[in-house]
2 protein chains.
Amino acid sequence: MSDISSNGGSGGGPSGRIGIGLDLDATHLKILEVLRENGRISVSALADRVGISRANAYTRFEALRADGAIKRFTAEIDHVRTGLGITALIFVTVRQQMWRQFRAELARMPEVEYCAITTGQHDAMIQVRMADVAEVHAMVTDRLANIPAVKATETVFILDEVLRRPYVLPSDREKTRAPRRTVQEERGDVPLGKMRFVGAAEGRAALRKDD
Amino acid sequence: MSDISSNGGSGGGPSGRIGIGLDLDATHLKILEVLRENGRISVSALADRVGISRANAYTRFEALRADGAIKRFTAEIDHVRTGLGITALIFVTVRQQMWRQFRAELARMPEVEYCAITTGQHDAMIQVRMADVAEVHAMVTDRLANIPAVKATETVFILDEVLRRPYVLPSDREKTRAPRRTVQEERGDVPLGKMRFVGAAEGRAALRKDD
DNA sequence: GTTGAAATTAGTACGAA
DNA sequence: TTCGTACTAATTTCAAC
């Protein structure tokens, strides 16, 4: 299976650099911003929107692609219209040292739209799209449960998808309106009791793809 | 905030029809299949790949757009390259009758890439992209915790994104290789003890956007 | 990094099968 | 409906600045 990631496995350190290849300037981000809204815009129109020349836009566009900053272009579709109106999240606990098998089985499940390895109580979360709830049930009981690597599952249904941004950009942060207090000010008098962080548990082992 | 959904609120019933507007035939699905891989393909090239005439491709392409089956086109980007290499899932318990406020606050958080209302222990799941873990912490403690509508949160980090399909299509199902047994055969002798479905709890109330 | 002109390709309209 | 063609408009490429 092909890895799409991405995330630094050694999550803790603040040592992450942005530009291993290309380092993105404000113009690059502006380009991505436009492409996020309209992935089919012509490079000419893109140049206009961003305020650069066409040749420059072509160069940067190609650089973003070549560098891998842009992974691919895609269409966003309405799942209800295609008959897969039921979405579920399945949290999976994976038997240690069976990650390879788990990943292999995942590759055989085209109804899985997303799979991430997480810290916390479970080891992975997968999102599936199905025609009806019965199919979700069948998927969990017949397919997932039969994978020896799967120790346990927990399924929740998605009732509504409130928000989906194609992706988040660093420049988005400045758009935050009316922050009641700044991050600095607030430090310390937060009702910490309300929240809970879930530690990595055995999750770290998950990062070792070959076990 | 704008709703992207989608999911039938009355999840249970198998009464869902596909084509409220357009009803998609095999050719439509083929088009979507191509567009999923390459959202920037020209309509001419699309016509070739699908095996229809250019004119027909234009007609169908436009129909899919107009119908809403295709919601938009977008670029998929590498979060690490843009400096937002840390991804976290925050499970939120929302105080009843405060959904409207919760949604309003969400709209102010551009670092939220995805938010779904779920059944189960929590009421919503949000996915955020940040530069480092400290920022996730700040987000949860300073911003989310200050929203009165938020009763509690639980945060897990994403260690790896193993798989992301732009979307799932009904036609994907046939690609499932080597199914050990069919769904029908297997019914009954599944180790049900391994899994657990989490009921809707108070989640249903979440569907009423105006409370 | 920009501009402008040639070559190519995309989008549209329409008649025929 | 779908296809094929001809027509118009736009985009991409490539050159020189």
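Side chains are part of it too, since the values below use all heavy atoms of this structure and drop only hydrogens, waters and symmetry mates. Numbers restart at 1 for each chain; the letters A, B, ... are given by sequence-line order, proteins then strands.
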Residues touching DNA chain C, which here means a heavy atom under 4.0 Å, drawn from residues 58-65 of chain A: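 Nucleic-acid contacts, sorted: A:Arg60.
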For A:Glu113, all residues meeting side-chain hydrogen bond (donor to acceptor under 3.5 Å, both in side chains), sequence neighbours excluded: A:His79, A:Arg129
Parallel, tilted or perpendicular: ring planes of B:Phe91 versus A:Phe91, cut at 30 and 60 degrees: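 Geometry flag for A:Phe91 against B:Phe91: perpendicular rings.
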Upstream residue (5' side of DNA chain C) when A:Ile52 and B:Ala45 are each assigned their closest nucleotide: A:Ile52
Whether A:Tyr114 side chain and B:Tyr167 backbone form a donor-acceptor pair below 3.5 Å: no
Donor-acceptor contact below 3.5 Å, side chain B:Glu76 vs main chain A:Arg72: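 No, because the side chain of B:Glu76 does not come within donor-acceptor range (under 3.5 Å) of the backbone of A:Arg72.
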CG-CD1 distance between A:Asp160 and B:Ile117, expressed to the nearest 0.5 angstrom: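 So the gap between those two atoms works out to 5.0 Å.
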Check nucleotides 4-9 of chain C against the protein and report each pair of N or O atoms closer than 3.5 Å, with its distance, or say if there are none.
unit_1: C:dG4; atom_1: N7; unit_2: A:Arg54; atom_2: NH2; d: 3.1

Pairing residues for B:Ala57 by the side chain to side chain contact (heavy atoms under 4.5 Å, CB included) criterion, not counting sequence neighbours: B:Val43, B:Ala47, B:Ile52
By side chain to side chain contact (heavy atoms under 4.5 Å, CB included) - contacts of A:Ala69 (at least two apart): A:Leu64, A:Asp67, B:Arg81
5'-most by nearest nucleotide on DNA chain D - B:Ala57 or A:Val43: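 This one resolves to B:Ala57.
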Degree of bending, the helix from C:dG1-D:dC17 to C:dA17-D:dT1 (end axes from five pairs; round to 10°): 30°
Lys/Arg-Asp/Glu bridge criterion (N-O < 4.0 Å) met for B:Arg36, B:Asp172: yes
Can you name the residues that form a salt bridge (charged side-chain N to carboxylate O under 4.0 Å, His left out) with [X], not counting sequence neighbours?
X	result
A:Glu33	A:Lys175
B:Arg49	B:Glu37
A:Arg173	B:Glu135
A:Arg40	none

Nucleotide interval of DNA chain D bounded by contacts with chain B (heavy-atom cut-off, under 4.0 Å):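 Both ends considered, the range comes out as D:dT2 to D:dA6.
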Side chain to side chain donor-acceptor pair (under 3.5 Å) contacts in which one or both residues fall within residues 53-63 of chain B, not counting sequence neighbours: B:Asp25-B:Arg60, B:His28-B:Arg60, B:Asn56-B:Arg60
